[in-house]
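Just so you know, ligand 1 is whichever comes first in the structure, and atom 1 is the first atom listed for that ligand. The chain is numbered in sequence order, starting from 1.
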Amino acid sequence: MTIPSSNPLTPAPPLPSHQLSVLIGEEELKRRIEELAQEISADLREKDPVIVCVLKGAFVFVADLIRKLDLPVTTEFIRVSSYGNNVVTSGEVKLELDLANSVAGRHLVLVEDIVDTGLTLQYLRANLQARGPASIRVCALLHKPDNNVKLSTIDYVGFNIPSKFVVGYGLDYQGYYRNLPYIAQIQDLQ
Ligand code: IMP
């Protein structure tokens with residue numbers, strides 16, 4: 001008997017095939033990340049900082065950023081969700097994966113892929129603050145200033161972008177496109 005590779009009653013959903021237009025190319029990303037790394041290295045020299053990567057979106061950015069830092073660092077990971085599979089925030093942030101180690105007394109650099117409404121950042125800052133760190137700095141690759149209703153302060157911003165949904169370089173749409181080496185807009189979603 002041949003076993004079908006997938007249940008014929010529940011066909012696999014079609015793979016995404018959106019029209020993408022590049023907003024920030026690979027070279028531009030690389031250059032800006034080097035600049036951010038220089039700033040962070042200068043500000044945190046001798047401070048033994050902890051880089052806190054916000055999963056999943058920031059993992060590509062963090063991987064490139066830490067390799068350009070000119071100082072010793074440790075890394076921690078935290079995962080929160082607020083978007084689910086949507087392009088607008090649900091308005092509720094949930095902690096899905098916590099840091100593995102205490103960060104009490106440490107200098108933290110919280111690294112986000114993108115700050116949109118600022119809700120996630122507001123939640124994370126309060127959550128980390130409660131753990132008694134020596135300081136918290138925030139680094140976001142992308143920022144949509146027109147949407148930042150929480151008026152979150154960000155110490156290091158890679159790029160300010162318009163209020164459009166973007167993917168690539170770690171950012172997803174329904175789980176896809178994180179592997180693109182550039183930041184793109186999805187034409188048919190805008
Ligand atoms: P905020 O809480 O509205 O600031 O949203 C922050 C989170 O929403 C980010 O960490 C992303 O995971 C997600 N997000 C916001 N805008 C976009 C986008 O344009 N593309 C992909 N994800 C986004």
Asker: Taking atom CG of Leu23 and atom OG of Ser21, what is their separation to the nearest 0.5 Å?
Answerer: 7.0 Å

Asker: If you measure every N/O of Phe165 against every N/O of ligand 1, is any gap under 3.5 Å?
Answerer: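 In fact, backbone or side chain, Phe165 has no N or O that close.
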
Asker: Walk me through whether Asp70 and Arg45 qualify under salt bridge (charged side-chain N to carboxylate O under 4.0 Å, His left out).
Answerer: CA-CA 9 Å; Asp70 179 26; Arg45 201 158 299 291; 3.7 Å; yes

Asker: Check Leu171 against ligand 1 and report side chain, backbone, both or neither, counting heavy atoms closer than 4.0 Å.
Answerer: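 Answer for Leu171: side chain.
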
Asker: Out of Ile114, Leu124, Leu141, whose heavy atom sits nearest atom 11 (C) of ligand 1?
Answerer: Ile114

Asker: Show me which atoms of ligand 1 lie under 4.0 Å from any heavy atom of Leu119.
Answerer: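 Those of ligand 1 that fall under 4.0 Å from Leu119 are 2 (O), 4 (O).
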
Asker: First locate atom NE2 of His143, then atom CD1 of Ile161, and finally report the distance between them rounded to the nearest 0.5 Å.
Answerer: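 Separation between the atoms: 9.5 Å.
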
Asker: Would you check the N or O atoms of Leu121, main chain and side chain alike, for any that come under 3.5 Å of an N or O of ligand 1?
Answerer: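 Looking only at distances, the answer is no, because the N/O contact criterion of under 3.5 Å is not met.
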
Asker: Contact between Lys56 and ligand 1, counting heavy atoms under 4.0 Å?
Answerer: no

Asker: Using atom types as modelled and distance alone, determine if a side-chain donor or acceptor of Arg32 lies under 3.5 Å from a backbone N or O of Val157.
Answerer: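 Yes, the answer is positive, given that a donor and an acceptor are paired below the 3.5 Å cut-off.
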
Asker: With heavy atoms under 4.0 Å as the rule, classify the contact between Lys144 and ligand 1 as side chain, backbone, both or neither.
Answerer: side chain

Asker: To the nearest 0.5 Å, how far apart are CG in Leu44 and NE2 in His107?
Answerer: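 One finds 7.5 Å between CG of Leu44 and NE2 of His107.
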
Asker: Looking at Val166, which atoms of ligand 1 are within less than 4.0 Å of one of its heavy atoms?
Answerer: 18 (C), 19 (O), 20 (N), 21 (C)

Asker: Look at the aromatic rings of His18 and Tyr173 and report parallel, tilted or perpendicular, splitting at 30° and 60°.
Answerer: perpendicular

Asker: Counting from 1, what ligand 1 atoms have a heavy atom of Thr117 closer than 4.0 Å?
Answerer: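 So the answer, numbered in order with elements, is 1 (P), 2 (O), 3 (O), 4 (O).
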
Asker: Once you round to the nearest 0.5 Å, how far does OG of Ser135 lie from CG of Asp43?
Answerer: 10.0 Å

Asker: With a 4.0 Å heavy-atom cut-off (strictly under), which part of Asp172 contacts ligand 1: side chain, backbone, both or neither?
Answerer: backbone

Asker: Does the residue Gly57 have a heavy-atom contact with ligand 1, meaning some pair of atoms that are separated by less than 4.0 Å?
Answerer: no

Asker: May I ask you to list the atoms of ligand 1 that are less than 4.0 angstrom from any heavy atom of Lys164?
Answerer: 19 (O)

Asker: So, taking the atom named OH in Tyr177 and the one named CG in Leu171, what distance separates them when rounded to the nearest 0.5 Å?
Answerer: 13.5 Å

Asker: Show the atoms of ligand 1 that are less than 4.0 angstrom away from any heavy atom in Glu112.
Answerer: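 The list of qualifying atoms is 10 (O).
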
Asker: Out of all atoms in ligand 1, which are within 4.0 Å of some heavy atom of Asp113? Include the element for each.
Answerer: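 Numbered from 1, ligand 1 contributes 9 (C), 10 (O), 11 (C), 12 (O).
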
Asker: May I ask you to decide if Ser102's main-chain N or O and Arg131's side chain share a donor-acceptor pair within less than 3.5 Å?
Answerer: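 Checked: no pair found.
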
